[in-house]
Amino acid sequence: MDTRLVFCTFPDTTTAQTLARQLVEQRLAACVNLLPPMLSVYRWQGQVEQAQEVQVLIKTCADRLDALTTAIVRLHPYELPEIIAISPSAGLPAYLDWIRAQTREET
């Protein structure tokens, strides 16, 4: 069971916190880190735009990624939310085990 680190941006801290809490409560994520606001510059619908956003780092497992993606798309205010998942090449085994445990249903 591989772990995943998912990057996602939000328009503000309140929205990011709300969605982060829902993901953890639903066991779709073990942990969600909210980074300080940043300035994003991007092309959208033919125009170069810029906006302040909050970057979040979501820790989950590969087998929960589809459900996590579905939840983000359903709850996110953006028409096209950033969802980029990477596979860590290494990590503290006990921490990776914790991620796996936190994304399982309680027994």
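What you see below is based on every heavy atom in this structure, not just the backbone, and it leaves out hydrogens, waters and symmetry mates. The structure presented is a predicted model; accordingly, all values stated were derived computationally and were not measured.
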Self-check item: Verify same cluster id: Ile58, Tyr78 (apolar side-chain graph, 4.5 Å)
Solution: no

Quiz item: How long is the span from the CZ atom in Arg64 to the CG atom in Leu28, to the nearest 0.5 Å?
Solution: 5.0 Å

Exercise. Could you list the residues that satisfy side chain to side chain contact (heavy atoms under 4.5 Å, CB included) with Leu5, not counting sequence neighbours?
Key: Phe7, Leu57, Lys59, Ile86

Quiz item: Under the side chain to side chain contact (heavy atoms under 4.5 Å, CB included) test, which residues partner Glu79, sequence neighbours left out?
Solution: Trp44, Gln45

Practice problem: Could I get the full list of ring-ring contact (aromatic ring centres under 6.0 Å, His included) partners for Tyr42, not counting sequence neighbours? | Solution: none

Quiz item: Do the side chains of Val32 and Val24 get nearer than 4.5 Å, heavy atoms only?
Solution: yes

Quiz item: Who are the side chain to side chain donor-acceptor pair (under 3.5 Å) partners of Ser40, not counting sequence neighbours?
Solution: Glu53

Quiz item: How would you list all residue pairs meeting ring pair (Phe, Tyr, Trp, His ring centres under 6.0 Å) that involve residues 81-106, not counting sequence neighbours?
Solution: Tyr95-Trp98

Name each donor-acceptor pair under 3.5 Å that joins a side chain in residues 10-22 to protein atoms two or more places apart or in another chain, with its distance.
unit_1	atom_1	unit_2	atom_2	d
Asp12	OD1	Thr14	N	3.2
Asp12	OD1	Thr15	N	2.7
Asp12	OD1	Thr15	OG1	2.8
Asp12	OD2	Thr15	OG1	3.1
Thr18	OG1	Thr14	O	2.9
Arg21	NE	Glu25	OE2	3.1

Quiz item: Looking at residues at least two apart in the chain, or sitting in another chain, which of them share a salt bridge (Lys or Arg N to Asp or Glu O under 4.0 Å) with Arg4?
Solution: none

Quiz item: Can Leu23 be reached from Ile99 by stepping across I, L, V, M, F, W or Y side chains whose heavy atoms are under 4.5 Å apart?
Solution: no

Practice problem: Flag yes if Leu35 and Ile72 sit in one hydrophobic cluster, no otherwise; membership is Ile, Leu, Val, Met, Phe, Trp, Tyr, and two members link when side-chain heavy atoms are under 4.5 Å apart. | Solution: no

Self-check item: Pairing of Asp63 and Arg104 as salt bridge, 4.0 angstrom limit
Solution: yes

Quiz item: Are Leu34 and Met38 co-members of a hydrophobic cluster defined by side-chain heavy atoms under 4.5 Å apart?
Solution: no

Practice problem: Could you work out the complete set of other residues in the hydrophobic cluster of Val48, with links drawn between I, L, V, M, F, W and Y side chains under 4.5 Å apart? | Solution: Val41

Self-check item: Among Thr69, Leu65, Ile84, the one residue meeting side chain to side chain contact (heavy atoms under 4.5 Å, CB included) with Val6
Solution: Leu65

